[in-house]
Trainee: 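Pasting a structure here, questions to come.
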2 protein chains.
Amino acid sequence: MIIRIEPDSDIPIYEQLSNQIVEGIARGWIHPGDSLPSVRAFASDLGVNMHTVNKSYHQLEKKGIITIVPKSGAIISSPQDFNESSLARLKEEYKPLVAESLVAGMPHEQILDLVSSIIKDFKKI
Amino acid sequence: MIIRIEPDSDIPIYEQLSNQIVEGIARGWIHPGDSLPSVRAFASDLGVNMHTVNKSYHQLEKKGIITIVPKSGAIISSPQDFNESSLARLKEEYKPLVAESLVAGMPHEQILDLVSSIIKDFKKI
DNA sequence: CATTCTGTTCTACTGTGAATAGAACAAATA
DNA sequence: TATTTGTTCTATTCACAGTAGAACAGAATG
C-alpha cells in the first residue's frame with residue numbers, strides 16, 4: 001500500500017497518515033485482521049518520526065478502526081467492533097460540510113450524487 | 001441568530017463561529033444580502049477577541065460565503081458567486097469522512113440516508 | 001537462552017498556530 | 001464633527017505538531 005505524505009500540507013502528518021490508512025481499508029487494499037507495520041518501520045518508510053506514526057495509530061484506535069495489542073502490533077478491526085458513539089461523531093462531522101454544500105447552492109440531489117460518486121470511487125478500484 | 005461558542009472545544013473558536021454562520025445560512029435564518037455584525041460588536045456579544053471574529057470572516061470570504069466590503073461590513077454572498085474550486089475543495093473534504101463511514105461498516109444506502117437526514121434537518125426548521 | 005523487535009513512556013527542543021490584547025490608521029457613517 | 005468601521009501592526013501566552021533521544025518491559029525469533 002502506497003502512502004503519500006505532504007510535509008508542507010496544512011493537514012497534520014499524523015492525520016494524513018490516518019486518512020490514507022482508512023482509505024486503504026475502504027478501497028479493500030487492506031482488510032480487517034491485517035496487521036499494520038510497526039511504528040518504527042513505518043516511520044522509517046515514510047521518512048517521519050516514530051512518534052508521529054504512534055500518534056496516528058492511537059487516533060485510529062480511538063476511532064475504533066484498529067486495535068493496538070501492547071508489545072505486539074496494530075490490527076485492523078472488524079466493522080462490528082464500532083460503537084454507536086462513533087456513528088454520532090461521524091454525523092457531527094458531516095454537518096458543517098453539508099451546510100457548506102447547501103450554502104454553495106448545491107441542491108439536495110447533487111449533494112447525494114457527490115457522496116455517491118465518492119463511495120463508488122472507493123469501491124470500484 | 002444564536003451562536004454558541006465552546007472555549008474548551010478542540011475546534012478553534014474562529015472555526016466554530018464560521019460553521020455556525022454557515023449553518024445559519026443553510027437553515028434560512030440569514031440570507032444572501034444580509035449583513036453580519038461588525039467584528040467588534042460580534043466579539044463583544046460572544047465574549048471573544050475582535051481578531052478571532054476577523055479571522056472567521058476572512059475564512060468565510062476565502063470560501064466565497066461572504067463578501068467583506070472594506071470600511072463597511074460583511075455581506076452574505078449569493079450562491080451563484082461560488083466558483084468551481086470551492087466545489088472541488090468540498091469533495092476533498094468529504095472523502096475521508098466517506099471512507100471512515102465505509103470502514104465503520106455503513107452500507108452505501110445508509111451513508112446517503114445519513115446525509116439526506118442532515119439536509120432535511122437544515123431545511124425543515 | 002540470548003538477541004532483536006515491539007509499543008510505551010519520558011524529557012526536551014523548535015516551530016507554528018490559536019487567542020488575547022492594545023494601539024493606531026483611514027474611510028465610511030451618523 | 002464624532003463615531004464606527006475594517007485593517008494593520010506589535011506583543012504576549014498557551015497549546016499543538018514534529019522531531020529527537022533515551023530507557024523500559026514484554027513479545028517474537030534465532
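Chain naming here is simple, since letters A, B, ... match the order of the sequence lines and numbering starts at 1 in each.
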Trainee: Side chain of A:Val39 only, please: which of C:dA19, C:dG7, D:dG18 is the nearest?
Mentor: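 Ranking C:dA19, C:dG7, D:dG18 by closest atom to the A:Val39 side chain puts C:dG7 first.
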Trainee: Rounding to a whole Å, what distance do you find between A:Gln16:CD and D:dA17:C1'?
Mentor: 12 Å
Trainee: Just how far, in rounded Å, is P of C:dT9 from CD1 of A:Ile68?
Mentor: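 Roughly 10 Å, once rounded to whole Å.
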Trainee: List, with names and distances, any nitrogen or oxygen atoms from the protein found under 3.5 Å away from nitrogen or oxygen atoms belonging to nucleotides 11-16 of chain D.
Mentor:
none

Trainee: For a side chain to side chain contact (heavy atoms under 4.5 Å, CB included) with A:Ile13, tell me which candidate from A:Asn49, A:Val53, A:Leu46, A:Thr52 qualifies.
Mentor: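 Of the listed options, the one satisfying the test is A:Thr52.
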Trainee: For B:Glu15 and A:His58, find the nucleotide of DNA chain C closest to each by heavy atoms; which residue's nucleotide sits nearer the 5' end?
Mentor: A:His58
Trainee: Are B:Lys120 and B:Ser117 close enough that some pair of their side-chain heavy atoms sits under 4.5 Å apart?
Mentor: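 They are not in contact (no side-chain heavy atoms under 4.5 Å apart), so the answer is no.
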Trainee: Answer yes or no: is there a side-chain heavy-atom contact under 4.5 Å between B:Ile111 and B:Glu109?
Mentor: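 The answer is no; the side chains never approach within 4.5 Å.
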Trainee: How does the hydrophobic cluster around A:Ile75 look, that is, which other residues are in it when side-chain heavy atoms under 4.5 Å mark a link?
Mentor: A:Val69
Trainee: Is A:Ser116 close to B:Leu112 at the side-chain level, that is, under 4.5 Å between some pair of heavy atoms?
Mentor: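 With C-beta onward as the side chain, the pair touches.
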Trainee: Is it possible for you to say whether A:Ile11 and A:Ile5 belong to one hydrophobic cluster, with membership spreading through side-chain heavy-atom contacts below 4.5 Å?
Mentor: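 Looking at the clustering, A:Ile5 is in a separate group from A:Ile11.
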Trainee: Side chain of A:His51, base of D:dG21: donor and acceptor closer than 3.5 Å?
Mentor: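 Side chain to base: pair found, below 3.5 Å.
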Trainee: Can you find a pair of side-chain heavy atoms, one from A:Ser101 and one from B:Leu90, that are under 4.5 Å apart?
Mentor: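 Touching, per the 4.5 Å side-chain cut-off.
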Trainee: For the helix from C:dC1-D:dG30 to C:dA30-D:dT1, what angle lies between the axis at the first five pairs and the axis at the last five pairs, to 10 degrees?
Mentor: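 So the angle between the two local helix axes works out to 30°.
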Trainee: Determine whether a donor-acceptor pair (N or O, by modelled atom type, separation under 3.5 Å) exists between the side chain of B:Asn19 and the backbone of B:Gln16.
Mentor: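 Checking the backbone N and O of B:Gln16 against the side chain of B:Asn19, no donor-acceptor pair under 3.5 Å is found.
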Trainee: Is there any protein nitrogen or oxygen under 3.5 Å from a nitrogen or oxygen in nucleotides 1-3 of chain D, and what are the pairs?
Mentor:
none

Trainee: Between D:dA27 atom P and A:Ile75 atom CD1, what is the distance in whole Å?
Mentor: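 Between P of D:dA27 and CD1 of A:Ile75: 14 Å.
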Trainee: Atom CG of B:Asn49 and atom P of C:dG17: how far apart are they, to the nearest Å?
Mentor: 18 Å
Trainee: Rounding to an integer number of Å, can you tell me how far B:Leu60 CG sits from D:dG6 C1'?
Mentor: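 The distance from CG of B:Leu60 to C1' of D:dG6 comes to 16 Å, rounded to the nearest Å.
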Trainee: Pairing donors with acceptors under 3.5 angstrom, does anything connect the side chains of A:Tyr57 and A:Ser18?
Mentor: no
Trainee: May I have the distance from A:Asn54 (atom CG) to D:dG21 (atom C1'), rounded to whole angstrom?
Mentor: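 Result: 15 Å.
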Trainee: Can you check whether B:Glu15's main-chain N or O pairs, donor with acceptor, with B:Gln59's side chain at less than 3.5 Å?
Mentor: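 No; zero donor-acceptor contacts below 3.5 Å.
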Trainee: Does B:Arg40 offer a backbone N or O that forms a donor-acceptor pair with the side chain of B:Ser44 under 3.5 Å?
Mentor: no
Trainee: Nearest whole Å is fine: how far is C:dC5 P from A:Phe42 CZ?
Mentor: 19 Å
Trainee: Would you sort out whether A:Val48 and A:Phe42 count as a side chain to side chain contact (heavy atoms under 4.5 Å, CB included), showing the intermediate values?
Mentor: CA-CA 8 Å; A:Val48 300; A:Phe42 216 168; over 6 Å; no
Trainee: What is the minimum heavy-atom distance between A:Met1 and A:Gln20, and which atoms define it?
Mentor: CE-O, 2.8 Å
Trainee: Side chains of A:Met106 and B:Leu87, heavy atoms from C-beta outward: is any pair under 4.5 Å?
Mentor: yes
Trainee: Where do N or O atoms of nucleotides 25-30 of chain C meet protein N or O atoms at under 3.5 Å, pair by pair?
Mentor:
unit_1: C:dA28; atom_1: O4'; unit_2: B:Lys71; atom_2: O; d: 3.4

Trainee: Scan residues 30-38 of chain A against DNA chain D and write down, sorted by residue number, each residue with any heavy atom closer than 4.0 Å; if none is found, say none.
Mentor: none
Trainee: Do B:Glu100 and A:Arg89 sit within salt-bridge range, that is, some charged N less than 4.0 Å from a carboxylate O?
Mentor: yes
Trainee: On DNA chain D, does the nearest nucleotide to A:Ile13 precede the nearest nucleotide to A:Met50 from the 5' side, or the other way round? Give the residue.
Mentor: A:Ile13
Trainee: Given the rule that I, L, V, M, F, W and Y join up when any side-chain heavy atoms are under 4.5 Å apart, are B:Ile25 and B:Tyr14 in one cluster?
Mentor: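 B:Ile25 and B:Tyr14: separate clusters.
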Trainee: Rounded off to whole Å, could you give me the CG-to-C1' distance for the B:Asp10 and C:dG17 pair?
Mentor: 15 Å
Trainee: Check for me, please, whether B:Ile119 and B:Leu114 land in the same ILVMFWY cluster - side-chain distances under 4.5 Å, paths through other members count.
Mentor: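 Yes, B:Ile119 and B:Leu114 fall within the same hydrophobic cluster.
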